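In what follows, every chain begins at residue 1, and chains take the letters A, B, ... in the order their sequences are listed. A quick note: this is a predicted structure, and the numbers were derived from the prediction, not measured.
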Amino acid sequence: MKMRICCTTCPNECELDVEIDENKKILSATGNKCPRGLAFAEKEVVDPVRVLASTVKVDNGAHNALLPVRTKEAIPLRYHFEVMHQLEQMEVSAPIQMGDVILPNVCDTGVDVIASRNIR
Amino acid sequence: MKTNYDVIVIGGGPAGMAAAIEADKKGAQVALVERNEELGGILNQCIHPGFGLKYFKEELTGPEYAQRLINELEKTKVEVFLSSMVLEINHLENGNHLVSFINEEGRLSLETKAIVLAMGCRERTRGEIKIPGARVAGVYTAGLAQRYINMDNLKPGTRFVILGSGDIGLIMARRLSLEGMKVEGVYELMPYANGLFRNIKNCLEDFGIPLHLSTTVTRVIGKDRVEAVEVTKVDENLQPIDGTQEIIPCDTLLLSIGLIPENEISSKAGVALNPATNGAIVDDNFETSVKGIFSCGNVLHVHDLADNVTQEAEKTGRNAASYALGETKEAEAKLQVSANFPIGYTVPSTTQKNQNASIYFRVRKPIEEAEMVITSGDKEIFRGKPRSYKPSIMECQMVPAKLLENATDEITLSLEMKESA
């Protein structure tokens, strides 16, 4: 099977044309300017991962009703709706510092959800 | 209260903050005036990742990118005026400028030697493209819906159609899907997508949202609220093809149809604008047609990446400080910079003979393979390698000073097509 993949490792955004077999092993890949593209493609065809960004309610922010958050690293796309559901239940209180852990080890991925900004 | 500055920066987004930080580093006395109640500008509502790969060498969200600049700014002596709306710029007889703004304390006027215009853009609205049909609730610009959802905890609708495949529209398609709202499809007038390829992939394909090219919204239907939109395919002249109409039930139409630099204050101050960008005409120092007034960021020309905005603004901030501190040398030999279609515009409009030039531009249509050719008079002074060009990507052509030695008083950028798309 043939697939077109956009490597998002760096701003070059190489577009790769990859061919995979029935076990999702890459047979050929073209279009990547560096080896990181191939590493990205290997992950992408098996279990795509993305950084998830969303918001969490703030109960006392001066100007801010919501705190923007994100997963510290990319997590499998298949967990994104589950994480959204968990974040929806949460409420946090200011003060908050950028980088504070809001939800640790989300879905047992070993990745934390962290605050994207300070809230006073 | 201090009423005299070297540099006043108007706007506290990524451009304004970067300009203020750099002007301060050069030893200028700097004030920054921001309309909003907090710094960060539009970055605060862009909660998605994808920022900073170039400038910070890591992937950040919009608020993180803003926070890093805010943290830098807090280390400086820059005086920040929040919730302050600039009304006008006046010119004084001593060559300085007077910036007048209002805030809760009333009207304030500050004198300054230099100004950096960094007000950013606003979104184009329904009126701009004259979509016929009912005048009903439920038609939003994508950025406004983004603010409602990401900052104000408001839900603008439940079933969406998005018009325009610009990055804001694509990002919103993903955001709405994640928040449990239904996106029926993204419709794009042009035969190609306007946003970055990564966003088509990660925002539409990940969520199974269809992208309909060469299709536009031709009617809004509803009584008090949007009930449906009519979409129609368009021909190569972008005219609707009769008989291809389709009714898409929805309760909300989001418009992601482009940005307009907010240059009302600039125009009133006599700053000449470039009709191709709606931004100021600037020289290689990012100085406008009015001495001492500089411009950078999205109010100058629309960028795709905040990283590029920051770098441009840093240069502009340093230049504004140099001007204010009397360190600027008069340009020796100015070169007019122009471009031929399909290059839509260039920033800057002039450069100098004895300096390396960085010329930013954008193409008006996708080019499969072309060579960048720079001519001066009838002499060719530069020819690049053949490559592709996309309207969604702002390009930068470097021209070393050595090549400009042979130039007359102008240079022209052209793309020589190998094979047009």
Side-chain angles (χ1 to χ4, degrees), chain A residues 3-16 31 40 44 48-59 61-85 87-88 91 96-100 113-120, chain B residues 36-40 43-55 57-68 70-71 74 82-83 146-154 171 174-175 177-180 196-203 205-207 304-305 307-308 388 390 392-393:
Chain A
M3 281 174 83
R4 177 161 267 208
I5 285 169
C6 177
C7 174
T8 53
T9 314
C10 83
N12 278 337
E13 302 202 339
C14 295
E15 289 174 30
L16 283 76
F40 181 89
E44 182 74 8
V49 296
R50 307 270 187 270
V51 170
L52 173 68
S54 189
T55 55
V56 170
K57 272 187 238 111
V58 180
D59 59 15
H63 303 302
N64 308 94
L66 295 169
L67 168 72
V69 299
R70 64 148 166 135
T71 57
K72 193 155 193 255
E73 311 286 337
I75 61 167
L77 197 51
R78 60 196 153 89
Y79 291 138
H80 281 202
F81 279 102
E82 170 56 25
V83 179
M84 285 298 293
H85 182 71
L87 293 175
E88 196 189 328
E91 209 165 275
I96 295 155
Q97 289 287 313
M98 173 167 65
D100 283 359
V113 173
I114 57 170
S116 267
R117 57 169 289 175
N118 301 351
I119 288 187
R120 289 190 178 124
Chain B
N36 218 325
E37 59 205 1
E38 58 182 14
L39 291 167
L43 285 173
N44 287 334
Q45 68 182 58
C46 300
I47 63 163
H48 53 278
F51 298 84
L53 279 165
K54 233 163 122 177
Y55 186 77
K57 305 275 182 279
E58 59 181 299
E59 190 171 20
L60 304 171
T61 63
E64 285 174 306
Y65 193 102
Q67 189 71 59
R68 289 201 179 190
I70 293 168
N71 293 350
E74 279 173 355
L82 294 174
S83 306
Q146 186 180 46
R147 188 189 158 94
Y148 283 165
I149 293 171
N150 291 349
M151 298 188 75
D152 301 334
N153 206 15
L154 298 171
I171 296 284
R174 170 174 62 188
R175 187 74 189 118
S177 304
L178 280 169
E179 289 288 355
L196 300 172
F197 182 66
R198 71 154 67 197
N199 287 334
I200 309 277
K201 188 87 191 150
N202 295 0
C203 300
E205 287 181 21
D206 279 1
F207 296 91
D304 340 299
L305 300 175
D307 306 64
N308 293 337
S388 68
K390 286 184 191 173
S392 57
I393 295 172

Interatomic distance, A/Thr8 atom OG1 to B/Asn202 atom CG [nearest 0.5 angstrom]: 5.5 Å
Any B/Met151 side-chain heavy atom under 4.5 Å of A/Pro68 side chain: no
Straight-line distance of B/Phe197 CZ to A/Ile5 CD1, nearest 0.5 Å: 9.5 Å
Under 4.5 Å from any heavy atom of chain B - which part of A/Asn64: side chain
Part of A/Glu44 lying under 4.5 Å from any heavy atom of chain B: side chain
Validation row: B/Thr61, A/Met98 side chains within 4.5 angstrom (heavy atoms): no
Between CG on residue B/Leu196 and SG on residue A/Cys6, distance to nearest 0.5 Å: 8.5 Å
Residue A/Leu52 versus chain B: region with a heavy atom under 4.5 Å: side chain
Minimum side-chain heavy-atom gap A/Ile114-B/Glu64 below 4.5 Å: yes
Portion of B/Glu205 that has a non-hydrogen atom of chain A nearer than 4.5 angstrom: neither
B/Asn71, part contacting chain A, at a heavy-atom distance under 4.5 Å: side chain
A/Arg78, part contacting chain B, at a heavy-atom distance under 4.5 Å: neither
CG on A/Asn118 to CD1 on B/Ile70, rounded to 0.5 Å: 8.0 Å
Note, B/Leu43 side chain near A/Arg117 side chain (heavy atom, < 4.5 Å): no
Sidechain-backbone polar pair: B/Lys201 side chain, A/Arg4 backbone, donor-acceptor under 3.5 Å: yes
Student check: side-chain heavy atoms of B/Arg174 and A/His80 closer than 4.5 Å: no
